[in-house]
Amino acid sequence: MTSPADRLQAVRDRIAAAARAAGRDPAEVRLLAVSKTWPADAVRELAALGQADFGENRAQELTGKAAELADLPLRWHFIGQLQRNKAAAVARLGAVVHSVDRLSLARALARVGVETGRPVEVFLQVDLGGPEGELAARGGADPAEVPALADAVAAEEGLALRGLMAVAPRGAAPGPAFGRLAALAQRVRADHPEALDLSAGMSADLEEAVAAGSTLLRVGTALFGTRPLASGQDESHQSHGSQQPG
Ligand SMILES: *Cc1c(COP(=O)(O)O)cnc(C)c1O
């Protein structure tokens, strides 16, 4: 059995090696620990080791854990599909929302940003498609619609556009898909220079994501272990079916 400290160090080593291989400064690549399905105590252990950013994919689980861990200076990220009626609760926590894929959701978040006077930081989730190039339809905007969505989001007073986010297609090599994402991100950045971040890369494909320019890796399994498959748990974002850390 490896300890949380060992696993965190192993992931940091992988990030540093991938950054060096890509000729990038490892400090440009931040780590977001995906704590979905794991109890608050597991978050506490990693937080004690210096990990500050954590991601959840269900609104209720996020609000519960954030309340339990309110004594810690954590930064929460929401990375799952978000229903409009749960958007306000997530935004009020100050969470960064990685899964904005439609204007109606963006506007629901923006209302909270205006109300609190603190813009909600958002990523636009891009659907990178399935192995045959079709849209995967598990969250994410059609790439063709992303530039217009970025314009609309950037125009919202209650939102701050951080960049693009995506999950690599299942059953296909992640490199080319991340390459397309990076090209789209560059295009969005031409009009919105503030959208500097790229949220891409998970346990199984973080090296390919770093090579493509990711600045924010969303890593769960390699940090916490293999998730128990609870009934009703949406595992549709699992990449490549791989559960192996490292
Ligand atoms: C679960 C999840 C992750 C983390 O996946 P691992 O393979 O466990 O590292 C990353 N991004 C999203 C959107 C997820 O739902």
Side-chain angles (χ1 to χ4, degrees), residues 2 4 6-15 18 29-39 42-43 46 51 53-62 65 75-83 86 90 95-102 105 121-130 135-141 162-175 177-178 181 197-210 212 214-230 232-246:
T2 55
D6 291 339
R7 290 192 295 259
L8 180 59
Q9 192 55 51
V11 169
R12 286 176 174 164
D13 290 347
R14 281 176 67 190
I15 296 170
V29 187
R30 304 241 318 278
L31 175 62
L32 164 51
V34 177
S35 48
K36 66 188 183 192
T37 75
W38 298 104
V43 173
L46 273 196
Q51 176 63 32
D53 288 271
F54 289 88
E56 292 285 338
N57 70 340
R58 298 185 151 227
Q60 210 177 337
E61 193 176 344
L62 169 62
K65 252 176 241 180
R75 182 104 170 116
W76 290 102
H77 299 249
F78 191 82
I79 62 171
Q81 292 187 37
L82 184 55
Q83 289 166 284
K86 298 191 175 149
V90 167
V96 180
V97 179
H98 289 234
S99 47
V100 172
D101 58 2
R102 59 200 190 279
L105 174 59
E121 295 180 25
V122 299
F123 287 83
L124 306 186
Q125 185 175 350
V126 181
D127 188 339
L128 290 178
L135 291 183
R138 52 196 167 109
R162 289 267 308 258
L164 303 186
M165 175 275 213
V167 177
R170 267 180 292 187
F178 286 148
L181 176 68
D197 278 301
L198 191 58
S199 168
M202 309 178 18
S203 294
D205 56 23
L206 71 84
E207 282 82 5
E208 289 89 343
V210 169
S214 174
T215 65
L216 195 48
L217 302 169
R218 308 178 310 270
V219 176
T221 307
L223 289 171
F224 292 101
T226 303
R227 281 181 290 280
L229 262 183
Q233 184 66 39
D234 176 11
E235 285 292 303
S236 63
H237 287 287
Q238 208 84 114
S239 78
H240 323 309
S242 169
Q243 295 294 301
Q244 296 309 311

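Order of listing sets the numbers, starting from 1, for every ligand and every atom in it.
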Quiz item: Just which atoms of ligand 1 are under 4.0 Å from any heavy atom in Thr221?
Solution: 6 (P), 7 (O), 8 (O), 9 (O)
Quiz item: Are any of the side-chain heavy atoms of Val100 and Phe123 separated by less than 4.5 Å?
Solution: no
Quiz prompt | Heavy-atom side-chain contact between His77 and Leu62 under 4.5 Å | solution = no
Practice problem: Go through ligand 1 atom by atom and flag the ones less than 4.0 Å from a non-hydrogen atom of Val219. | Solution: 9 (O)
Self-check item: N/O separation below 3.5 Å, Val167 to ligand 1
Solution: no
Quiz item: Do the charged groups of Glu61 and Lys36 touch, with an N to O distance under 4.0 Å?
Solution: no
Quiz item: So which of Lys36, Arg218, Met202, Arg58 gets nearest to atom 2 (C) of ligand 1, if we judge by its closest heavy atom?
Solution: Lys36
Self-check item: Residues forming a side-chain hydrogen bond (donor to acceptor under 3.5 Å, both in side chains) with Arg218, sequence neighbours excluded
Solution: Ser199
Quiz item: Should the proximity of His98 to ligand 1, defined as any heavy atom under 4.0 Å, be assigned to the side chain, the backbone, both, or neither?
Solution: neither
Self-check item: For Phe78, ring-ring contact (aromatic ring centres under 6.0 Å, His included) partners two or more places apart
Solution: none
Practice problem: Give yes if a backbone or side-chain nitrogen or oxygen of Asn57 is under 3.5 Å from a nitrogen or oxygen of ligand 1, and no if not. | Solution: no
